Structure formats: C-alpha cells, structure tokens
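Let me begin by presenting the structure, written as structure tokens, before commenting on it.
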There are 2 protein chains.
Amino acid sequence: MTDRRAGPTSSKVQGIAAEVRRRIVEREWRQGDRIPDEADLAIEFDAARATVNKALQLLADEGLLDRRRRAGTRVAVDPVRKATFTISLVREQVEHAGMDYSHRVVAQRRSPIPADIAERLGLPEGEVLVHMRTVHYGDGRPFQLEDRWINPRAAPGLDRLDFWQLNANEWLVRNIPYLRADFAFAAENANRRDARLLRTEPGRALLILHRTTWNDIGPITTVRLAFRPGHRVGAENGRSDSQ
Amino acid sequence: MTDRRAGPTSSKVQGIAAEVRRRIVEREWRQGDRIPDEADLAIEFDAARATVNKALQLLADEGLLDRRRRAGTRVAVDPVRKATFTISLVREQVEHAGMDYSHRVVAQRRSPIPADIAERLGLPEGEVLVHMRTVHYGDGRPFQLEDRWINPRAAPGLDRLDFWQLNANEWLVRNIPYLRADFAFAAENANRRDARLLRTEPGRALLILHRTTWNDIGPITTVRLAFRPGHRVGAENGRSDSQ
DNA sequence: TTTTCTATTATGTCTAGACTTATTTTGCTG
DNA sequence: CAGCAAAATAAGTCTAGACATAATAGAAAA
C-alpha cells in the first residue's frame, strides 16, 4: 500500500472538512447530532455556502455525515465507510513492485460459454466467445493467472488481433472503453491447473478478483484473476483523494 | 445484463458527464486525445464553467479523463479505474441478506501483541492490547470470524465495557470515530481454529479482510475478518454514486 | 546552442446570489 | 381529533464572474 502525502495543498474546502472531522473525532459533535446548517457554517468559517457545501459533501461521501434536504446534516450513526481500490494494469502492478514484467498466453480459442459465465454476462448459454488464459510473471515468477472471456460483438477489431503476442487486457482497456464494471473478491482453493500455472500446490488459497465490463452494446469481457498465493490487494480511505 | 436505471435525477452535471462518456465510448474522442477546454464546453452545453468543471472532475475521479492545469484535459490512456467497496457492519450485511443475526464472543483477554500485529499498528512488540475473537452468525450458521486487537489508549471508555455482551465493532464504530483506515483483501487456507469456528474443514480457502483504523492519538484497532467459504465481496463502478 | 526569465493559458478554487426540491412544521378544516 | 394544505426550511444545483496556480511555450540572455 502506497503512502499518502500530506494534506493536499490545504484549500479552504479541505480546511473546513478537516475542522468538521476534528469536531467529530473530538466528540464535540456526537453520532446522531444535528450539526449547524450550511449557512451558519459559512458565516462561522467566513466562506461561501457553496464552499461549505462542497466540504460537507466530501464528508458525506466518506460516510461520516448523513445529509438530507430540509432535515439537515447529522453525524452518521453507522459510518458506512467506503474503501476505494485502484485497479491498475497487471504490468503496472508488477513494475511498480520493481519486478520485470512478462506474460505468456497458454490458451486461446473460440468456445461456447458454460452456464456460470453465461449467467454472469447475461448471454445465452453456449454462445461462442473468445476464451483465453494468460499467465503474468514478475521476474519470471508467476504473479497472476488470467482467465478471460471476450465478447467479439462488443469489441470490434478483435478478430484482426494476435493475442498470442499482445496483452488482451491492455488492448481492451485502451481500445474498448467501458461504461460500467463490476468487481468481486473471492477466495478459492487452487485447482490443478491453477497450481500448475502459478507454480504452487493444489489446494493453496488464492485471492480471486472477478471483473466484468459493459458498454452500450452489451458485455465486453469477464475475467477471473487469480493472484499468486499470499498476495494482498489493499486500499485506504479516510481522506478523499480527488485530484 | 443487470438493470440500468435511468439517469440519476439527470442534473445538468450528470447530463454533461453522460455526453462526454458517450463521446469517449463512441470513440469520437480517443484515448490520449485532448478534449475541448472547459470554457468551450461551457458554451457548447450552455452551462457555466463551474458546472462543466464538476462534470469533468467526476469523470477524472472515475479515471476516464486526465486533467492537468494549463495542459488541458485528455482521455485517459490507461483508464485506471477505481472500485468503491462499501464496508458496512456485519450485522447489516447479514440482515440485508435476509438472515437473522447473532454473534458469540469466543475469547477476550488482554494480551501482548505478536510481531505481525505490532508492525501493522506501529506499536512496540509485546505491548498489551485487548484481544478478542467473535463469530458472527446468519440464521445460526457462521458468517464471519472476527479476530480483533484494540488499543485501549486510543479507545477511552473501553475498560468499562462488557464485550462478552456487546458487539465490539459496533461499539467502536459508534463511539471511537477514526480519521483513517486501511483495508486489504487476502486469501488464506483455514487453520484448525478457523475451521472449527466457521464449521468448515481446515484448508478451505477463506476470503480475509484486514482492516486497521487510526485517529489522532494512534492506532485504534486492527481486525482480521474471515468470511465463510464461498463468500464474495463485490463492488461496482462506472457511474459515480455520490448522494 | 542551452539556460533562464516571462507571458500565456487551462484548470483549480472561491464567492454571492438565485432558483429548485424534498421534507418537516404548522395551521386550517371537517 | 385526524387529515390535509400551505408555509418554512435546509440541502441541491446552477450561474457569472473573479482570482490563484501550475505548466507550457516563447523570448531573451548567456
């Protein structure tokens, strides 16, 4: 997990947010309490209401405040916190860790989709998609195993490509923008194939990240990423990091 | 395909964001392209510059645009996407799934911290913290196993509490607000204790969520949450869901 | 040529004010 | 008293304009 630099240039919005945060942490304002309205805070902080609004929205997005029209702003009773995970390209993850990146496509073919994939994509079972399996390496050691289904209908230009050479994820990400994505983390015991490709033993617990992306045409691709044993995926919250 | 609700109240900001998103997806504006500046877009969309600014900031936060002062706004080449996970209380997760919630504290004592916990918290090894282990149930079946260390110095009022009765997480969340939290997902093979408490077999892959929270005094608590086998934690992005 | 200064520019931030909208309060009516 | 309509209110959104700031491009100096 990367470190987080000190307060971002401390703008007025950030200053107000920090002060409100402080009052909540110091329990001047307690869980459930109604806090002064935007107009009053604007006077207190000598700011425009829009500025106070932005600060309070920030804290509401963090889950620290509950805001409702007419009802006012309250300190959240159950601070439902949000953790933001940054999903970057495998190659960048590997290189960021100071390793040399390489990858190997171990399978690529057109194939009818099994039931679970069909359900995930909302396509009829047996529809023929492009299926590929890739191992990503860091310093020659397996880093991540990628099992991907691609919908050629939603990815024009796919046919002309040689994925035995190219990195599918990078091509997709750069050429087929998506409107929506969903993610899910899971844990699975490595099966024989996972174990062989990741050079570990069957049964080892693997962190799995499922991701499916969509555009206006339909599902683009769904992928199962299996990380090497022991890998962690981290996030941080608490200070919003817009910009 | 899952349902896609109509534009969220379709404000002007959302409308502009949607149109820019469309142009990127339709490849009118391609990866790396410079897009018109805020002033021009403001004229085109008949909006104030602040409104355009808000829309573009939204898309930049989503990772779809790169913006830099003076250099202008470009369509991101590597759309580093952010997935936001909502971390709610276990009880809410269980009840949201339509199950009856219950929990059982299986251990609670003061204990010197081992090396890994010490490192995670930035405290000297051997410092004495409160250590507790709780099983959370849904409809009587184990849902999550919680292994928690609490720093009494950062959690005043802790001593007077009876955690054999109370849910530690809920008490902390409601009474000791934190400034910063970090999260990490991992996968581990169930050890004997995990297996016994989650009523599964040793070796089963478990999804683990580590979370540590901090306030201005120092670390408050660190917790290892082990989900029951097969559990998934999901997120979605693509449309910002502020408010 | 390279370096350094300076002007320019697009985004970042803020303000004061207006209007909108969800929600609660209040007060009227049966 | 209940039920409903109207007033009040606090957040939501937007505008026009101002100034700040980072980064670039171009000009001047070495």
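This one's a predicted model, so the numbers in the text were calculated from it and none came from an experiment. Lettering follows sequence order; numbering is per chain, from 1.
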- [ ] When you get a sec, tell me which of C:dT13, C:dA16, D:dG12 is the closest nucleotide to the side chain of A:A50?
- [x] C:dA16

TODO: Find the distance A:K54:NZ to D:dT13:P and express it as a whole number of Å.
DONE: 13 Å

- [ ] Could you tell me how the ring of A:F185 sits relative to the ring of B:F85: parallel (under 30°), tilted (30 to 60°) or perpendicular (over 60°)?
- [x] tilted

Open item on the list: From NZ of A:K12 over to C1' of C:dT15, roughly how many Å is that when rounded to an integer?
Closed with: 9 Å

Task: Proximal nucleotide (of C:dT15, D:dA10, D:dT15) relative to the A:T51 side chain - done: C:dT15

- [ ] Examine A:F143 together with A:H231 and report whether their ring centres are nearer than 6.0 Å.
- [x] yes

Open item on the list: Can you tell me if B:R153 has over 12 outside heavy atoms packed within less than 6.0 Å of its CZ?
Closed with: no

Open item on the list: Quick check on C:dT24: is either OP1 or OP2 less than 4.0 Å from any side-chain nitrogen or oxygen of A:R69?
Closed with: no

Open item on the list: From C-beta outward on B:R49, which listed nucleotide comes closest to its side chain: D:dA18, D:dT13, C:dA16?
Closed with: D:dA18

Task: Carboxylate-amine/guanidinium proximity below 4.0 Å for B:E38 and B:R67 - done: yes

- [ ] Provide, to the nearest angstrom, the distance between the CD atom belonging to A:Q14 and the C1' atom belonging to C:dG12.
- [x] 12 Å

Open item on the list: What contact category does B:D46 fall into here, base, sugar-phosphate, or nothing, at under 4.0 angstrom with non-hydrogen atoms?
Closed with: sugar-phosphate

Open item on the list: By nearest atom, which of the nucleotides C:dT11, C:dT24, D:dT13 is closest to the A:N53 side chain?
Closed with: D:dT13

Open item on the list: For C:dA10 and B:T73 - does any side-chain N or O of the residue sit under 4.0 Å from the phosphate oxygens OP1/OP2?
Closed with: no

TODO: Could you tell me the separation between the CD1 atom of B:I43 and the P atom of C:dA10, rounded to a whole number of Å?
DONE: 12 Å

Open item on the list: From C-beta outward on A:R34, which listed nucleotide comes closest to its side chain: D:dA11, C:dG12, D:dA10?
Closed with: D:dA10

TODO: Taking only Lys NZ, Arg NE, NH1 and NH2, and the carboxylate oxygens of Asp or Glu, determine whether B:R21 and B:E62 approach each other closer than 4.0 Å.
DONE: yes

Open item on the list: Both A:R70 and A:R67 contact DNA chain D. Which one's nearest nucleotide lies toward the 5' end?
Closed with: A:R70

TODO: Map A:A47 and B:D37 onto DNA chain C by nearest heavy atom, then report which one ends up closer to the 5' terminus.
DONE: B:D37

- [ ] Round to a whole Å and report the spacing from CZ of B:R68 to C1' of C:dT9.
- [x] 13 Å

TODO: Using atom CZ of A:R74 as one end and atom C1' of D:dA11 as the other, report the distance to the nearest whole Å.
DONE: 14 Å

Task: Protein-nucleotide distance (B:E38, atom CD; D:dA18, atom P), rounded to Å - done: 17 Å

Task: Separation of C:dA10 C1' from B:L65 CG (nearest whole Å) - done: 14 Å

